[in-house]
2 protein chains.
Amino acid sequence: MRTQYSTRPREQVSAILKREQRYLSAAEIHGLLRKSRQNVSLSTVYRTLDLLAGKGEASARVDAGGETTYVVCDQTHHHHAVCRKCGKVQDVSCEAIESVASALRTHHGFKLADHEMQFFGTCGACK
Amino acid sequence: MRTQYSTRPREQVSAILKREQRYLSAAEIHGLLRKSRQNVSLSTVYRTLDLLAGKGEASARVDAGGETTYVVCDQTHHHHAVCRKCGKVQDVSCEAIESVASALRTHHGFKLADHEMQFFGTCGACK
DNA sequence: CTTAATTTGCGAATCATTCGCAGAATCATT
DNA sequence: AATGATTCTGCGAATGATTCGCAAATTAAG
Ligand SMILES: [Mn+2]
Ligand SMILES: [Mn+2]
Ligand SMILES: [Zn+2]
Ligand SMILES: [Zn+2]
């Protein structure tokens, strides 16, 4: 295992993610690809999503139904505000965490190493 | 469906959760019960966990391996700081969110309806 | 063009969780 | 305490998402 091949199926999966800009499951991506007659196997969709998530180019989230969904994303640390109507995902920076981190340390003796945050609501366009 | 029966198996599952105070999967709870010769079926463990989560007496979280885990919890809105060494879960209040909410509204036109937060690190006892 | 390495697609296998249902337990009423 | 209606339990089978195994197809180099 030296390099990583650049292949058609992988680019097709990536293209869908870049285009949609919202959390999609493997099955949804597979469905969208079929609609545009791009036949990529579901296995390959799964494998590509794992790859993208591993490289930090996609961010994963388990939805309410237990399915893992992915959205195209850049590596910088940030969080997401997801619109419950249209699914639009907006990046949110996280300065707020600094105060929480110090509070955790002083009040609970807890050394914060990592955190996760997600926001849900209605985006400007959907109001 | 009128009332809810109070049964032995349910109390055994609840007792484990109260005792352990950390996120446990259905399988783990089932295993702990068997060790103490309390034979509750895995199905019943699942059903009881759903019940507790529904009543807000337990809080659920999908762990890294994709398993749903539960911890005993009270209804008040708060978040959790999970120790990566011992699994201890500490409650964390969330004032910090207010500033994030207003930032979302003014900067992104996003109306915040709900949010999730989780913290990971090392608890005081484990340092 | 050849060849070695990687990727794909397919179906089978996994694994957590859910269902269906018959028998057991619980609760309210006599 | 016995009855009957309602709710639970345990079991094994079904489900559904994800992963695996492997032969055939693609890709990157020389
Ligand atoms: Mn992002
Ligand atoms: Mn709690
Ligand atoms: Zn929207
Ligand atoms: Zn600890």
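Chain letters run A, B, ... following the sequence lines, proteins first and then strands; every chain starts at 1.
- At the phosphate of C:dT8, OP1 or OP2 sits under 4.0 Å from a side-chain N or O atom of A:Arg10.
- Dense packing is recorded around NZ of B:Lys127, with more than 12 heavy atoms of other residues, nucleotides or ligands lying under 6.0 Å away.
- For B:Thr69 (side chain) and B:Arg61 (main-chain N/O), a donor-acceptor pair under 3.5 Å exists by modelled atom type.
- When rounded to the nearest whole Å, the span between CG of A:Leu51 and C1' of D:dT18 equals 15 Å.
- OP1 or OP2 of C:dG9 has at least one side-chain nitrogen or oxygen of A:Thr44 nearer than 4.0 Å.
- If you check D:dG10, C:dG9, C:dT17 against the side chain of A:Arg47, the one that comes closest is C:dG9.
- Base pairing of C:dT29: its partner is D:dA2, meeting the Watson-Crick or G-U wobble criterion (both donor-acceptor distances under 3.5 Å).
- The CG-P distance, from A:Leu42 to D:dT19, rounds to 10 Å in whole Å.
- At whole-Å resolution of the value, CD in B:Gln12 and C1' in D:dG10 are 14 Å apart.
- Looking at A:Ser43, its side chain comes within 3.5 Å of the base of C:dC10 through a donor and an acceptor atom.
- Nearest heavy atom pair, residue B:Met117 against residue B:Cys94, reads CE-CB, 3.8 Å.
- Across the strands present, D:dA29 finds its partner in C:dT2; the criterion is a Watson-Crick or G-U wobble pair with both atom distances under 3.5 angstrom.
- Note: CD1 (A:Ile29) to C1' (D:dT18) measures 14 Å, nearest angstrom.
- Spacing between atom CG of B:Leu49 and atom P of C:dA16 amounts to 15 Å, rounded to whole angstrom units.
- Contact annotation: B:Thr68 side-chain N/O to C:dT17 OP1/OP2 distance is under 4.0 Å.
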**OP:** Could you check B:His80 against B:Val71 for side chain to side chain contact (heavy atoms under 4.5 Å, CB included), going step by step and ending with a plain yes or no?
**Re:** CA-CA 10 Å; B:His80 289 158; B:Val71 70; 3.7 Å; yes
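- Looking at the side chain of B:Tyr46, the nearest of the listed nucleotides C:dT18, C:dT8, D:dT18 is C:dT18.
- Under a cut-off of 6.0 angstrom, the local environment of CZ in B:Arg34 is sparse, with at most 12 non-hydrogen atoms contributed by other residues, nucleotides or ligands.
- A:His78 approaches A:Asp74 most closely through the heavy-atom pair CE1-OD1, 3.2 Å.
- The separation between A:Leu33 atom CG and C:dT8 atom C1' is 14 Å, rounded to whole Å.
- Summarising the geometry, the separation between CG on A:Leu24 and P on D:dA17 is reported as 15 Å, rounded to the nearest angstrom.
- A straight line from NE2 of A:His30 to P of D:dT19 spans 15 Å, rounded to a whole angstrom.
- For B:His115 and B:His77, the side-chain atoms include at least one donor-acceptor pair closer than 3.5 Å.
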**OP:** Between protein and nucleotides 22-30 of chain C, map the contacts as a letter string: B base, S sugar-phosphate only, - none, heavy atoms under 4.0 Å, written 5' to 3'.
**Re:** ----BS---
